[in-house]
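Letters go in sequence order (proteins before strands), and every chain restarts at 1.
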Amino acid sequence: MKEISKHYDPQETEPKWREFWEKEGIYKFNSKAQGEIFSVDTPPPYVSADHLHAGHVMSYAQAEFIVRFKRMCGFNAYYPMGFDDNGLPTERFVEKKYKINKSKISRSDFIKLCLEETKKGSETYRNLWTLLGISVDWSKTYSTINEHCRRISQWSFIDLYNKKKVYRTKKPILWCTTCRTAIAQADLEAEEKESNLVYIKAKAETGETIVFATTRPELLPAVMGISVHPEDKRYKNIIGKNITMPLTKKKVILTADEATDMQYGSGVVYYCSYGGGECIEWLSRHPEAKPIELVLPNGRFSSSGGAYEGMKVLEARKKIIEDMERVGAIEKIEPIKHSVYVHERCGTDVEYMESEQWFIKILESKKEFLKRGQELHWFPKTMKRNYDDWVSNLKWDWCISRQRYYGVPFPVWYCEKCGEVILPDMKDLPVDPLEEQPKIKSCPKCKGKKFFPEKDVFDTWQTSSLTPIIAQKLIGDSTTQKKLYPSSLRPQAFEIIRTWLFYTIVKSHYHHNQLPFVNAMISGHGLDEQGRKISKRLGNYIPPEKIIEEYGADAVRYWATGATLGQSLKFNILEVKKGRRTTTKLWNIARFMAMHETKPKLVQSGSQLERADIWILEEMNKTIAEATKNFENYTYAKAKDAIDDFFWSKLADYYIEFIKYRLFGEDKRSKEAAIKTLAMVFFNVIKMYAPIMPFVTEEIFQEFFKSAEKTKSVHLSKWPKELNFSKKTNISDFKDAIKAIDEIRKFKTEKGISLGIDIESLKLKTKVDLKKYGEFLKKAGRVKKLA
RNA sequence: GGGCGCGUAGCUCAGUUGGUUAGAGCAUCUGUCUUACAAACAGAGGGUCAGAGGUUCGAGUCCUCUCGCGCCCACCA
C-alpha cells in the first residue's frame, strides 16, 4: 500500500482536483446524458464588482450546493454562467475608475474602456469561482453585451412591440441629472434626508395673504397651480381667485382638490413641474395647467428660471430662499426629515421631467403578474410578500430607454419625414442603428427615404430579464432547448426581487405566457463579523482568495452552508476553521479505515452484523433521510448540521471506538463486519459532504472508494439512499449501552485516568442488559469487570 | 405610516404539529498524547428562552400589548 500522508493539505489537493474536473469535463452539460434536466438560471453578476467578498462567495456557493446535490441525485444539471456587463453599473464603474465624464469622451472610446473592464471583471469572477469549486459549465457562458444577448434582447423588444406591449411617448418621467438618463421606478431608492419645509406667503386678488408650505421652493418659477381641499373653511371664499406668487409675480388660480390634506402644513399646496409624483398626478386632474420646463437634463435651470438660469437645483433653492426672505415672502422655515427618492446607482435626488421615452406596459397587467407570483415556488415562502408588495405598488410603466452609451442599442430607426418607427427584420439581429441603415428603401407609411437612428440604449434589465432564454439558447438543438425552459431554479438575492425577478416574470409572461422558472431560491446577504454590510468603502472584509489560501475552499464553503435561506449570515472565521477541521477529520478517518484494508463492497447480510453495526447503520439511515429532505427544501444549513452531528458525534466519537477491539481482535467474522460497516457508513458520509466540500471528498473518493462505484468523480456518484439490511435484531436498548459507555468515560475522566487504560472493575449505575452488552461494554470501554 | 423577520448560555445560532431536568458549536475551566486525529478526545460550569399579560393540565413554542434591532414598501406637499 502506498504511503498516505498524515495531514490533509488543501493547498496541495485543491488545485489538483480543479484541473481534473476541468480536464475531464465533470461539470460539462451533455444534452444526451440520462436523467431529467435540472437547469439553473444563474445570476450574472455585475462585472463592475471588482472587489469580491464573502457575500458574493456565500450567495453563489449556496446555489451551488443545490446543483451538486441534484447532480448526484441523477439529474442532468445545466449550470451555465453569465456576466452582466452592460448598462449603468458598468458605465458608472468606468467613469469612477478613470475619472471621466460621459460628455467629455467619445462614445466609441468609452465603450472600448467598458469592454476592457468587462473582460477584466469576468476574469476576476471566473478565477474566484474556479478557486471555490463552483461547478458551472464554463463552456456555457454569456455576457449580456455579446452578440448572442444583443440578438435576444432586440428580439424581445420587437416581439413586445408587435404584441403592443411596448410604446414610445412623451410624458413626465424619472430622471437622474448625474447619470443624465431616464430611469425606472425600480432604480429608485428612498433615502431619509434633512430638509426644510418653507412656508411661503402669496397674495390673493381679494387682498388676503395665503401661505403654502413646500420643500422645493426653487421650483417656484415652474408653478402650475395651487390647491386647497374643497371642504377647507379657511379658504372657501378664495377658491377660483387669482394668486400672485412672490418674486416671479406669476398668477395662478386657487383650485379645489380633494387630494389636499387639510392637516399638513397650512393646508395649501402648490404644484410645479415637477416637484414629484404628486405634481404629475395633480396635473392629470387639472388639464388647464401648463407645465414649464425648468430643470434641464443636466440638472441646471433653463431660461424659464429667469434670474436663476444656469443654476443647479440646490444652488437655486438657497438663492430663492434668500431672495424671498428679502422681500418678506417667507413666513417661517421648519427643518424636517423626510424621505426622498434618489437614483440607487449614484445617490442623486431624482427629478421628474417631461421626455420622450420607450416603455414596456406593466401597470395594466399587475393582476396577471401577481398570479404568476403565486404560481412560483418561493424558497423561503415569505419572500413572495416582497414581490406582491412591489407589484401592487407599481406606479410607472417600465421605462427601458437610457440616454447612455454602453448597452444594447434599440433596433429602431425613425422616418425623418413622418416619424414612423422602422424595425429591422428578426433575422438581421442584432443591429446597431447608429452604424447601419434599415434594409427597407422607403418608409411604408409616407414613402420617405431618409431615416435617423434611435440613439438610446436599453436599460440593463431589458437584457438581464431574459437570462432564462439566453441560457436556453446557448444550447443548439431544439429538442434540448424545449427542456431547458422554464429553468428549474432561479437562485438570487432578495434585493433584486423587484428588478431581476419581477422583470424576468414580465418578459416570460408576455413572450411565452408562462413562468420563466419553476423555483426561486432567495438568499440573504453576507455581512461582516459585526453584522454590517460588506463594502469596499468600509474595507471590512478579507479578500476571499486570501481565506481560501489559508483554510482551503472547502472551509469557506463550509461557512457559507451555515446560512438560513433568505437570512443574512455574518462572516465567521471560526466557522471557516471548523470547516478546515472537518476536512482534517475526514482525512483521518479515511486513514484509519485504510489501515484495515478494505474494499467498500459494503454490508451484505444482517447475519454477521453486531449490535453496534446495526446501530450506526440505523443512525446513518436517519441522517441520509434528514440530509436529503433538507437539501430538497434548500435548507442546506440543516442538512449540514445533520451530517456534522452524525459524522463527528456518532461515527467518529462512538462507532470507531466501539469497533477498535474488533478490528485488532481475533474474531475474523466480527472484524469483517466492522470494517464493512465502517466503509459503508464513511462512504456515505463522504457523499453527503460532497456538495458542501467538493475537494476533500473528491480526494478521499479517488484515493479509497474509486473501486466501489465506477464513476470518474465523487460528484458524479449516486447520492446515498437509506440502506436496507436485516432488522431482525432489535437494538432499541442500544442507547442504554451508550449511556453505560458514557458512565465509564466519565468515571475515568474524573479520576484522571486515560481512556485507553483498562481498569479493573466498575459498578455501573446505568441500567443496561449485561447479558446482551456486557462483553461489548467491557471491551469497548476497557473495563475488566463490570457489575 | 403599513408589512415582514428577529430578540434563547459570554459569542454565533438550533429548537419541527405546545409535552418529561431548554440543545449544539465556539469561548471558559478540568483531565487525557486512548494502536485515525492534541488541528484531537473525555468531562464540568454557564440560560427568569427581551418584558408584561392571557389561553392551556402543560408555553421558548399559540394569542394580545410593550420595548429593542434589521429589512421591504409608502407622493403627504
(request) Report the residues that fulfil salt bridge (Lys or Arg N to Asp or Glu O under 4.0 Å) with A:Arg285, sequence neighbours left out, ordered by chain and then residue number. (result) A:Asp257
(request) For nucleotides B:G2 and B:U66, find the distance between their P atoms and express it as a whole number of Å. (result) 11 Å
(request) Using the C1' atom on both, measure B:A42 against B:U64 and round to a whole Å. (result) 48 Å
(request) Return no unless some side-chain N or O of A:Gln185 is found under 4.0 Å from OP1 or OP2 of B:C73. (result) no
(message) With rounding to the closest Å, how many angstrom separate the C1' atoms on B:G31 and B:A22?
(response) 27 Å
Sort me out a list of protein N/O and nucleotides 30-34 of chain B N/O pairs below 3.5 Å, or just none if empty.
| residue | atom | partner | partner atom | Å |
| --- | --- | --- | --- | --- |
| B:U32 | O2' | A:Ser754 | OG | 3.3 |
| B:U34 | O4' | A:Ser754 | OG | 3.4 |
| B:U34 | O4' | A:Gly756 | N | 3.3 |

(message) Quick test of your reading of the model: are A:Arg216 and A:Asp349 salt-bridged, counting only N-O distances below 4.0 Å?
(response) no
(message) Go nucleotide by nucleotide along RNA chain B from the 5' end; which of A:Asn572 and A:Lys629 gets its closest nucleotide reached first?
(response) A:Asn572
(request) List in chain and number order the residues that pass salt bridge (Lys or Arg N to Asp or Glu O under 4.0 Å) with A:Lys746, two or more places apart in sequence or in another chain; answer none if no residue qualifies. (result) none
(request) Quick one, give me the B/S/- string for nucleotides 2-10 of chain B, reading 5' to 3', where B means a protein heavy atom under 4.0 Å from the base and S means that only happens at the primed atoms, P, OP1 or OP2. (result) -SSS-----
(message) Can you check the distance between B:C62 and B:C75, where both ends of the measurement are the P atom (answer in whole Å)?
(response) 34 Å
(request) For B:G15 versus B:A24, give the span between their C1' atoms, rounded off to a whole number of Å. (result) 10 Å
(request) May I have the step-by-step check of salt bridge (Lys or Arg N to Asp or Glu O under 4.0 Å) for A:Lys640 and A:Glu575, ending in yes or no? (result) CA-CA 12 Å; A:Lys640 185 195 80 163; A:Glu575 274 300 299; 3.2 Å; yes
(request) Going by the side-chain contact (heavy atoms from CB on, under 4.5 Å) test, name the single residue among A:Met593, A:Lys676, A:Met620 that passes it with A:Val681. (result) A:Met620
(message) Taking B:A74 as the reference, what is the distance to B:G54 when you measure between their P atoms (whole Å, please)?
(response) 41 Å
(request) With rounding to the nearest 0.5 Å, note down the distance linking CD1 in A:Ile173 to CD1 in A:Ile280. (result) 9.0 Å
(message) So that I know where these two stand, are A:Phe664 and A:His596 an aromatic pair - ring centroids less than 6.0 Å apart?
(response) yes
(message) Reading 5' to 3' and counting Watson-Crick or G-U wobble pairs with both distances under 3.5 Å, write the dot-bracket notation for RNA chain B, | for bases paired outside the strand.
(response) ((((((((.[[[[.)...(...]]]].(((((.......))))).....[[[[[..)....]]]]])))))))....
(message) Between the side chains of A:Glu529 and A:Lys570, is the shortest nitrogen-to-carboxylate-oxygen separation below 4.0 Å, so that they form an ion pair?
(response) no
(request) Kindly say whether A:Val198 contributes a backbone atom to a donor-acceptor pair with the side chain of A:Asn196 at under 3.5 angstrom? (result) no
(message) What contact category does A:Lys577 fall into here, base, sugar-phosphate, or nothing, at under 4.0 angstrom with non-hydrogen atoms?
(response) nothing
(message) Just to be sure I understand the geometry, which residues of residues 639-653 of chain A put a non-hydrogen atom under 4.0 Å away from RNA chain B?
(response) A:Trp648, A:Ala652, A:Asp653
(message) Does this structure show an ion pair linking A:Lys622 with A:Glu626, if we count only N-O contacts that are shorter than 4.0 Å?
(response) no
(request) Would you kindly say whether A:Glu354 and A:Tyr274 are connected by a side-chain donor-acceptor distance under 3.5 Å? (result) yes
(request) Could you work out the separation of B:A14 and B:C26 based on their C1' atoms and round it to a whole Å? (result) 14 Å
(message) Need one value for A:Tyr341: base, sugar-phosphate or nothing, where a base atom within 4.0 Å counts as base even if backbone is also close, heavy atoms only.
(response) sugar-phosphate
(message) OP1 or OP2 of B:A77 versus the side-chain N and O atoms of A:Ser195: is any pair under 4.0 Å?
(response) no
(request) Give a yes/no on whether any side-chain N or O of A:His338 is located under 4.0 angstrom from OP1 or OP2 of B:C76. (result) no
(request) For nucleotides B:U21 and B:G46, find the distance between their C1' atoms and express it as a whole number of Å. (result) 16 Å
